[in-house]
Structures are given as structure tokens and as C-alpha cells.
Trainee: 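This structure is in C-alpha cells; I'll ask about it shortly.
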Amino acid sequence: MIKIENLKASIETDDGDKEILKGVDLEIKGGEVHAIMGPNGAGKSTLSYVLAGREDYEVTDGSVMLDGEDITEMDPEERAAAGLFLAFQYPIEIPGVNMSTFLKTSLNAIRKQRGEEELDSLALLKLMKAKTKELGISEDMMKRAVNVGFSGGEKKRNEVLQMAMLEPKFCVLDETDSGLDIDALKVVADGVNAMRDEKRSFLVITHYQRLLDYIKPDVVHIFANGKIVKTGGPELAKELEAKGYNDLIGEAA
Amino acid sequence: MSSEISEETIQTVKDMAGKYDAGFVTDIESDKAPKGLSEEIIKFISAKKKEPEWMLEWRMKAYKKWLDMPEPTWQKPDFEPINYQDYYYYAAPKSMADKPKSLDEVDPKLLETYEKLGIPLREQEILAGVANPVAVDVVFDSVSVATTFKKTLEDAGVIFCSISEAIQNHPELVKKYIGSVVPQGDNKHACLNSAVFTDGSFVYVPKGVRCPMELSTYFRINELNTGQFERTLIIADEGSYVSYLEGCTAPMRDENQLHAAVVELVAHKDAEIKYSTVQNWYPGDAETGKGGIYNFVTKRGLCEGDHSKISWTQVETGSSITWKYPSCILKGDHSQGEFYSVAITNGRQQADTGTKMIHIGKNTRSRIVAKGISAGKSDQTYRGLVKIMPGADNARNFTQCDSLLIGDQCGAHTVPYIETRNKGAQLEHEATTSKISEDQMFYCMQRGIGEEEALALIVNGFAKEVMQNLPMEFAVEAQKLVGISLEGSVG
């Protein structure tokens, strides 16, 4: 369903190009949840940005296939239409643009790219009502400007809401647990779990094992120095928690 | 990679010329005065309009003043001196020589032009199309072609007609108010307008009347090398209310066309005037700046009576040079002035715009919210004056100026002047300058929104505080215009 092969990417710095992803190989089948864990600075967030097509990074080698479609060269909005969704570690504020306008613009932009008919305001309102109710999000949030003045928990819940509205094939969650207390974490995890089905794939990027108590992964990868260095079942996360990164990565190397 | 981007950018910018939706010319025979400006031309205009003697005298007085007046030089935009002898000062579509009695007699080509612009003139169409009907006065080059909903307005006692008609039918009102807020000698452009103004709108709302619908004027310059000098006069008598909107377009030309308008508003005791502008004059060639409109406009409102209120809202996206400062003179005690502005410049456009709030009465309040968006190689300046006179006890002003920059070749400047001669005044000024954020763009694009749409969305959000002051019917149009004006500014 999602197949990443030998993905290499670099970023331009003052001291020339710096390679951050150094050959990532990863395959996630439909319905599977994979977790990527790794120390700070390993390149985890870069992986999420590169998958989403952020311009700052240049892919120097390798490919990303989504549902048999090569998305390596696509613009970010085309990837979104192809079914890729990124839940941001730090959701961005857009002053003056309220959530309902944003969701409408987003959903219709995707439908338009897919050659589907755009939703009218009424159909959209219905959908928003249903999804906010499902996720236990107050409808008032729809009248507020995108992420402006949102608490940490509200921002992450908002990411999950957008994910639920757009119904992507492949969801990348970048450190969704950062800055969340345990109650907020549960709400977010419930939202993600409700979306799990036999077709949808998830890539959960996290620094701590804690999140994986709530979103149970099928496969766990350890990420260090720009590539996957170890792969295992859910028990790998527990092992990591017990031993720490240094031990495990040392072992892998 | 960088050379690829710049080539692409150049191409997009080139394509922009074709993006000016209103840039078509209507092929209509027109009745023009000879080129140039002289006493004879002014007599010609006055005679064409069958004006009374007092009007001609007023024009002549202005013309004589104008000859000796210097050009204003304090603005930032830079341009070649204007050759006033190179313009036509009067152009009327020929079929208007005998003014039509009803819309059925209006040249179908003219009606077509306005339909292309999205302005239905036929009352039935308007009624069928929108929930809140809007009365429209349309000015084509130098003359007013039609005013809709005359009857409904007459029943309410509201006078809404072209200024030429008002001179004929309501001379006492015109005589009393014309030049009372913007004196002939105010500045060279206003003085020129006083000498050669050809048409414009006139509104009088009688005591205690709330105007039953939005009033609107659309201006369009069609003839080559034509100056458009419209003159608008709006009077709201005691306790009345009126909301007025003007929209402007012009075809694409190779040579700069001159537009020097004067708008005067008078609000009596307890009256309120809301004046909104959506300005989309041709901005000129995106690369060279050639052919755009010189938009030199003097707009001023007088809060004559106690508790009166004047509110200006403007969305300025067009013109190669914009020079305008819609202002309020807060003479009545407890009177209020507001100025909400969005100015967008792209390509080679230059804008110098802002407001003046002159506090004379006690407890007067003013509020200024100016949002400037610069893209391409454009340059814009917010220039504003808040002046508190000695008698203006407890005067208050709040000013907020925010600039947003797109790309690294544009400029934004803020020049606020504050003069206070009363110790009890409270003045607040906030200003920010920011660049369009790549994070915001990427966030939108990750949600499937393309680059240009994302930019329009973010900019509309930035300008929201101003946009929401526009009448509902025009807010949607203005939002779309924001997107169109910024096309080609990213990538």
C-alpha cells in the first residue's frame, strides 16, 4: 500500500547540502500501523516532511509509492489528493481563516483534483457536525481561526478531525503525543483508532513508547542517523523503553 | 534549480496580463471633446451637460486656480510628469447623446459590457439574482448611463441620480454642498476634478430615513486616453442612514489613463454613512508597469452633526498608482470616523494610501485598520494623519497598520503622523510587518489546497477584519478579487 525504497533526501544549509535521509526502506500494507521511534535529531520529522513533499528538502534518490502510484515527484497538494495526510507535530496558526472555511476549502480542493463534485455548504456542515460529534469536539471550534489560541490538546484534536474529514489512505502522525497530557492523549488515540480499518495505513512517529500504549502498532521501527536500523513487533518498543536508545542502536550497528 | 524557478516565475508573471478579467474594450461609437484642456473645453463640457451658469462659473474658478497650483510631491510613488494636454476630458457613448428614458433604450452593447462585468442593470434580473437588491448607477467614460430602482428610492424620499441630473433637478442641494468638504483648492487633482468633472453620483437621504437598499455605482473607463473625473456627493440628513458602494474597472491600454475623482460626504446629526470601495482599475503591465490607471482620488467625509458617523471601507487591488486618503472631519460632538483598508499591490504597482482623522468636536472617536499586502516588485505606503484639535476633549483614536510581504522584491512602508493639541486625547498605534509564512503555505498545501488558492486563503484571513465590513453582496466578490490580484506572485 505504501512502499518507500532507498529514500534519500538532503537540505540546503549554509555549509552546502546536508543529507538527512540516508536510504529509508519501508513497506506498510493496508490496515497496518507502523511506528517509527528514534532519538532526537535522527531525521524522523524530516521523513514526515519528505513524504508530504515539502519543498525545502530535495529527494536525491529512491521512491515513494502510494497505492501503486509513484508520488515521489508530486507537489504537496497532489499527494494530499492521492490520499496522504500528515498530522503535524506543531500545527500551524492561520489568523482570520475560520475552521469551517479551511475545511471546506481543503475538502473541495481535494475533490476537485480527483474530478469529484464539490460539496455545498450544507453537505459540508452536516459532515462537520457528524465528525465533531464522533470525536467529541465542540462545534464552536469550527468558528475559530485555524489553530489560533488553541491549547496543545485542541491543536492535536484538530489534526485528527481534519484527518477524519479527509479520510486519507495513508496517515503520517508526527510526534502527535508531544505536549499532550494523558487525557488529551487518550482522546487523540481514540480518534485515530476509530479510523483504523483494513485498507488504511498509518505511520506513527514518536519519541516515547507512551503513545503506543494507546495506538497499538503492528510493526515498530527504530530510526537513527537517517535510516531504519532495527525492525520488530510491538515488544521492540518495550525493549527500547527499558534499555534506552544507546543500547539498542549500538546493538544494531 | 533556482534558474528553473525564476523562468517559471517570469512566465507566470507574463501570463498575469491576461488575468485581468475586466480588460476588454467595448466597440461603441463615442462622442468626444477634442484632446487637451482649456477654457473652451470646460465650456464645451458644461454646454454638453446643459448646465446652468453658476455651475460653469464654479468650474472656471477651479480651472484658473488649477493653472497655478503645484503638483503634490510628498507621496512616495515615482512617475513621469503628467501631460494634461494629452488626455480627452469628455467622452460619451454616441447613443447617449439623447439620453435614454429607460433601460430599454440603452444601447444593448453597453448593457452587454456591464453584464460582462457582472453588473446586471435590469431590475428584474437583480431582483431574481440576489436577496438584497442593490440600486446601481453606472458611469461609462464620462456619463452616467442608468440608475436602477429609481421608483423604490423615490417612494422612500431618497434622491439617487447622476450628479448631472442633480445639477438640473436639485440645484439648491448641489450648490449648498459641492466643494463644502473638499474645497476646489484642496490639491491639484481635486482642483482639476472641480473644473472638468463629467459625471458621478448624487445621493440625498432625508431626515430620519434609513435608505431601503444598498446604493452602488460602477465606473468604467472605456475610451483610449480618457481621463475619468467623477464627482460624488452624498448627504445624509439628520438621523438617516445610507450604505454606498463603488466599483471600478477599465480596459487594458498601453498608455496610462488618468482618474481623478472627488467624493464628498456630509453626515448631519445622528446620521450614518457607510462608504465602501472595491477598486480594480487596470494595474498596468506586470513587467513594465505600462498602461495602468493613475488613481488620484480625494475622498473626505464631514461628520457635521453630533453623534454622526462616517465609515470608509476600501479594497484597493488595481491601478498602477494609487494616491488616496479617504478622511473624516469629526466636527460634531461624539461623532465617529472609521477607515478600514486593504491594499494589494503586485507587479509594478505603487500605492500611497491611508486616511486623515481630524478631531474637532468633543468625545470624538476614530478607528483605523489598514492592511497592506505587497507582492512582485510593487511598493506601498500607508500614510495617515490623526489630528486632535484643542477643543476635542476626550478624543480617542485607535490605529492598526499591518503589512504582509510576498517575495523579496516588494516594499512596504508605514508613515503615521500624529498631531495632538489637547492633553486629554488617547491615541493608540499598533503596527506589524510580516512575510508570508512558508509553514502556513505548506500546511494548506498538505491539506490539498494549491499554492495560489492557499495564498488567497491566507491573505483573505490577514485582511478579514476589513473584509467583514463590506456589505455581504460585495464581500464575496472582493475575496475573489484578492486571489486574482495575487496570481503569479508565488512559485
Side-chain angles (χ1 to χ4, degrees), chain A residues 12 17 48-49 51-58 74-99 101-114 116 145-148 155 158-159 161-163 165-168 171-172 174, chain B residues 1-2 4-5 8-9 12 315 340 342 344 369 371-373 400 402-404 407 430 432-470 472 475-476 478-480 482-483 490-491:
Chain A
E12 218 177 289
D17 288 351
S48 70
Y49 284 147
L51 289 176
R54 187 156 187 161
E55 251 184 16
D56 311 1
Y57 300 92
E58 198 190 343
M74 282 186 182
D75 286 335
E77 68 272 23
E78 294 169 340
R79 296 177 197 228
L84 184 145
F85 183 91
L86 170 62
F88 283 62
Q89 181 179 4
Y90 304 109
I92 309 298
E93 298 183 4
I94 310 179
V97 178
N98 65 32
M99 278 303 303
T101 304
F102 184 71
L103 283 172
K104 183 179 179 183
T105 312
S106 159
L107 201 64
N108 280 337
I110 285 177
R111 294 181 72 96
K112 211 169 155 188
Q113 285 189 68
R114 290 178 182 159
E116 295 164 4
V146 180
N147 292 319
V148 177
K155 280 185 182 172
N158 185 19
E159 294 294 289
L161 170 70
Q162 292 176 48
M163 191 160 84
M165 293 278 292
L166 299 178
E167 301 187 324
C171 310
V172 181
D174 186 10
Chain B
M1 197 165 173
S2 67
E4 249 177 64
I5 286 172
E8 201 183 318
T9 310
T12 331
V315 177
Y340 295 97
V342 174
I344 298 178
V369 179
K371 305 269 181 177
I373 299 111
Q400 186 185 336
D402 297 320
S403 306
L404 186 67
E430 290 176 9
T432 64
T433 301
S434 52
K435 280 192 82 167
I436 192 101
S437 132
E438 281 178 25
D439 284 341
Q440 286 177 339
M441 289 294 288
F442 177 62
Y443 191 70
C444 293
M445 286 161 77
Q446 206 302 303
R447 300 304 188 242
I449 304 164
E451 206 165 31
E452 307 231 305
E453 202 182 356
L455 184 66
L457 186 75
I458 295 166
V459 171
N460 268 308
F462 172 77
K464 187 186 183 183
E465 225 182 316
V466 174
M467 298 301 239
Q468 67 192 10
N469 279 294
L470 286 174
M472 195 59 144
V476 179
Q479 277 172 12
K480 281 186 196 147
V482 167
V490 285

Trainee: Hey, which residues of residues 74-83 of chain A are touching chain B, say heavy atoms under 4.5 Å apart?
Mentor: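 Near chain B, by residue number: A/Pro76, A/Glu77, A/Ala80.
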
Trainee: When rounded to the nearest 0.5 angstrom, what is the spacing between CD in A/Gln113 and CD1 in B/Ile449?
Mentor: 10.0 Å

Trainee: With a 4.5 angstrom heavy-atom cut-off, could you sort out which part of A/Asp56 is near chain B: side chain, backbone, both or neither?
Mentor: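 Only the side chain of A/Asp56 comes within 4.5 Å of chain B.
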
Trainee: Taking atom OH of A/Tyr57 as the centre, report whether more than 12 heavy atoms of other residues, nucleotides or ligands fall under 6.0 Å from it.
Mentor: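 It does: A/Tyr57 OH has more than 12 such atoms within range.
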
Trainee: Could you tell me which portion of A/Leu166 (side chain, backbone, both or neither) has an atom closer than 4.5 angstrom to a non-hydrogen atom of chain B?
Mentor: side chain

Trainee: Examine whether an atom of A/Pro168 lies under 4.5 Å from a heavy atom of chain B, and if so say whether it belongs to the side chain, the backbone or both; otherwise answer neither.
Mentor: neither

Trainee: Suppose we screen for salt bridge (charged side-chain N to carboxylate O under 4.0 Å, His left out). Which residues come up paired with A/Glu12, at least two apart in sequence or across chains?
Mentor: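 Once residues adjacent in sequence are excluded, A/Glu12 has no partner under the salt bridge (charged side-chain N to carboxylate O under 4.0 Å, His left out) criterion.
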
Trainee: Heavy-atom distances under 4.5 Å only: say whether A/Phe85 touches chain B with side chain, backbone, both or neither.
Mentor: both

Trainee: Sub-4.5 Å heavy-atom contacts with chain A: which residues of residues 438-447 of chain B show up?
Mentor: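 Answer by number: B/Glu438, B/Asp439, B/Gln440, B/Phe442, B/Tyr443, B/Cys444, B/Met445, B/Gln446, B/Arg447.
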
Trainee: How far apart are the closest heavy atoms of B/Gly448 and A/Ala109, and which atoms are they?
Mentor: O-CB, 3.2 Å

Trainee: Less than 4.5 Å to any heavy atom of chain B: does that hold for the side chain of A/Leu103, its backbone, both, or neither?
Mentor: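 Contact with chain B is absent: no heavy atom of A/Leu103 under 4.5 Å.
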
Trainee: Not counting sequence neighbours, which residues clear salt bridge (charged side-chain N to carboxylate O under 4.0 Å, His left out) with A/Lys155? List them please.
Mentor: A/Glu93

Trainee: Between A/Val146, A/Val97, A/Leu107, A/Asn98, which residue shows the highest count of heavy-atom pairs closer than 4.5 Å to chain B?
Mentor: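 Highest number of heavy-atom pairs under 4.5 Å: A/Val97.
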
Trainee: Roughly how far apart are B/Leu457 CG and A/Ile94 CD1, rounded to 0.5 Å?
Mentor: 6.0 Å

